[in-house]
Amino acid sequence: MDSSTPQPLDGFLPRQVTGAQVRKALEHDLNAFTDPPTIRTARCKELLASRRELPVYAQMDDFFTVFNENQIVILVGDTGTGKTTQIPQFVAYSDLAHLTGKMIACTQPRRVAAISAAKRVAEEMDVQLGHQVGYSIRFEDMTKRGTTFLKYMTDGMLLREAMDDPDLQRYSTIILDEAHERTLATDILMSLLKALTKRRAELKIIIMSATLDAVKFQKFFSLPLGTKAPLFEVIGRTHPVEIFYTQDPEPDYVEAAIRTVLMIHRAELPGDILLFLTGEEEIEVVCRKIELEVDDLIKQDPSSVGPIVCIPLYSSLPAKQQQRIFDPTPAARGPDHPSPPGRKVVVSTNIAETSLTIDGIVYVVDPGFSKQKVYNPRIRVESLLVSPISRSSAQQRAGRAGRTRPGKCFRLYTERDFWSQLEEQTYPEILRSNLSSTVLQLVKLGIKDLVRFEYLDMPAPESLMRALELLNFLEAIDDNGDLTPLGSKIAELPLDPQLAKLLIVSPEFKCSNEILTIVSMLSVPNIWVRPADQKNQADAAKALFTVPDGDHLTLLNVYVQYVLNKSNEDWPRTNFVSGRALAEAERVRAQLQRLMKRFELELISMTDEKELHQSIRQALVCGFFMQVAHREGEKGCYLTVKDNQVVTLHPSSGLKANPEWVVFNEFILTAKPYIRTVSEVRPEWLLELAPSYFDLSSIPDGETKRRLQSVMNEVQQSRRSDANREASSHTSSSTTLFTLDDVVAMLTQMSTSTPASTLEDAIERLKEMSTR
DNA sequence: GAGCACTGC
């Protein structure tokens, strides 16, 4: 560098940078972050002008004061403050990570958010995307080793990186964005980072959140002496949104929603409407009803009612139809039959609350409900329940009306209920989920003491217990709670532990190629498409794929056909399968195939179809032996082994007749308890491949046990007559089913260096919570 | 004889 001309970063000292210095560097003709420094483009200067307008820009001086002096900062600011794009850039000037070989990470809960933030910031910094500024998401690493110093990524991706590098040494500052969403990955990262700040004094953390409830984060990240982490607040500048409540509670929110939309259409000034509902069916029905009602109104009084178009929006809708939300608002009728201007109504699930932004929305109708996942660890079932939203969700929804100009939000509940009935925050995901993957990740990270681990919200002990129990049966962790070599591999695979185990054992069954496909198909969203007006055609199309021995085999069949018909773009549509889900399965499969290679798992196929199908079903037992059911009675009823849940085959199953023993992929609770994606298995396989789980002394008395007992007797008889035959087993025979006491004992054993009193406290709390 | 809110690795 020529020492005579001033360089943009002259006088910058790491972590002692001031706002004045940064502003000067930003005005500089040379770009400080390129090597060698490049002349800034006109586009860059233009973008800088709009960056200066962002609320967060005005608070740059204060930000640096707080950031320089603290290891952890909680930053609160609503959407539209520019925090996601600007704060990481500010940090870049402070960390000077481009000179130290470290990186700044900024996590997002969703892939698209990580990509779009990285794109925007690369443009603002006048660098090529994927060079100095990049992103990293599941199927795409847009970073360059040694060059990238600002990396946007999904929260799950950072969590995965932590498994290889628990101290996250490559980062100088880690920013967790959208922390208020409390995704499982962000929650775990917050716990890990809190512990990490003690090991790495120079690591800085910024927790960015959009809501009222930053105090919880402040307390969580308080120092040992009780000093709270500093709160930095950015005052947003979105347009005002006027909130209206109903005078009385609405008995039927669907009917009230329709009425409100019609009222807006007739009485309010032009502007599009966003209505939040809970699910696909509800949305389709309401769209049709609104359009019919408006047709009626127009017939009655054509001159005072404008045309309306309803656009449904939910995630399983094909991309092309999702794009309709960007269609222009319909124009007024005329000139022969003049009418008021037209209106667009988007009827959407929660997808429009966070994932998709629709410009031009002026009116929001919020009935106050959404479908939320709930987990019942007792019967190990996750289900979706229509539940009241939280106040922070309601605030988020209302905000969607003020993106382009002042708007209005109609809440279909009373103000009193808003304050007294709604929770302040949505229940965090960690309290509503099956934790088997998460617990395994924690064990892999070296966190053995799951009770003393500091969670923002401690999960239900029974959820932890269920997770440990499953992992132990899968032999991912041993009886001491230590990770086994198998468990280490399972943790490395981006799959549910059962699916990972299935994939790992598959070469032993000589069908790993097919299991790889099935596992990929099971880890993407539903591939079957069944439009309301073409149910029969869809069912007929599905019947052509059906393999009578098992739904897992049907999935394999669909994938094989999909690949064979790759050249035909229309194939998914004409066969009533989701092209998007199949493409996703293809990507998952490719990723898993690379991992199999790394683990030296052979890719093996079988030629004899009959043998192949049998091997696949046997392999399934190795991963899913805890999800086996036995036929009970005559009318398609099954009883799950051990849990003794009465379940029925889901009507979507293509299984022929009703086999006596089945393995199922999921247990869902909708109209009835159903088991879905089901394959026939033989009882001998259960006893042979999962002897510890099917240990008869652990199975409650009943028909299931009697049948297993008689199969066992037959097997033993034939064994006695064949002296050479050794009992083979894929799972150790020493494990036993846990009781809660066992798990408490196990957790106790795990925490070796804990003072007795605190641990006892922890266990006491654990017992207390589990008996509630 | 029915349904799948939404993400993420």
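So that the names make sense, note that chain A is the first sequence line, chain B the second, and so on, each numbered from 1. Any value given below was found using the heavy atoms of this structure, including those in side chains, with hydrogens, waters and symmetry copies removed. Here the structure is a predicted model, which means the values were calculated and not measured.
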Whole-Å distance between [N] [atom2] and [X] [atom1]?
X      : N     : atom1 : atom2 : value
A/M157 : B/dG8 : CE    : P     : 12 Å
A/E353 : B/dA5 : CD    : C1'   : 10 Å
A/Y427 : B/dT7 : OH    : C1'   : 20 Å
A/L384 : B/dG3 : CG    : C1'   : 10 Å
A/E584 : B/dC6 : CD    : C1'   : 14 Å
A/W528 : B/dG3 : CH2   : P     : 18 Å
A/D187 : B/dC9 : CG    : P     : 17 Å
A/Q593 : B/dC9 : CD    : P     : 20 Å

>> Going by the rule salt bridge (Lys or Arg N to Asp or Glu O under 4.0 Å), which residues pair with A/R380 if we only count those two or more places apart in sequence or in a different chain?
In response: A/E469, A/D643
> Partners of A/D366 by side-chain hydrogen bond (donor to acceptor under 3.5 Å, both in side chains), sequence neighbours excluded?
Replying inline: A/R397, A/Y413
Listed pairs under 3.5 Å, donor-acceptor, residues 662-674 of chain A side chains, sequence neighbours left out:
| residue | atom | partner | partner atom | Å |
| --- | --- | --- | --- | --- |
| A/E666 | OE2 | A/R676 | NE | 2.9 |
| A/E666 | OE2 | A/R676 | NH2 | 3.0 |

>> Which is more 5' along DNA chain B, the nucleotide nearest A/R138 or the one nearest A/K371? Just name the residue.
In response: A/K371
> Does A/K535 get its side chain close enough to the base of B/dG3, under 3.5 Å, for a donor-acceptor pair?
Replying inline: yes
Mind checking [X] for me? I need base, sugar-phosphate or nothing, with any heavy atom below 4.0 Å counting as a touch.
X      : answer
A/R676 : base
A/D496 : nothing
A/R110 : sugar-phosphate
A/K373 : base
A/I137 : sugar-phosphate
A/R530 : base

Using a distance-only test with no angle check, is there a side-chain donor-acceptor pair under 3.5 angstrom linking [X] and [Y]?
X      : Y      : value
A/T677 : A/D551 : no
A/E586 : A/Y559 : no
A/Q396 : A/T354 : no

May I ask you to verify if any side-chain N or O of [X] is less than 4.0 angstrom from the OP1 or OP2 atom of [N]?
X      : N     : result
A/S652 : B/dA2 : no
A/T349 : B/dC6 : yes
A/T183 : B/dG8 : no
A/T154 : B/dC9 : yes

> Excluding sequence neighbours, so at least two apart, what forms ring-ring contact (aromatic ring centres under 6.0 Å, His included) with A/F418?
Replying inline: A/Y245
> With sequence neighbours excluded, what pairs up with A/Y253 under the ring-ring contact (aromatic ring centres under 6.0 Å, His included) test?
Replying inline: A/F369
Could you please name the option among [options] that lies closest to any side-chain atom of [X]?
X      : options             : value
A/I351 : B/dC9, B/dT7, B/dG3 : B/dT7
A/R111 : B/dG3, B/dC9, B/dC6 : B/dC9
A/Y674 : B/dG8, B/dA5, B/dG3 : B/dG3

> Of all of residues 432-441 of chain A, which get a heavy atom below 4.0 angstrom from DNA chain B, listed by number?
Replying inline: none
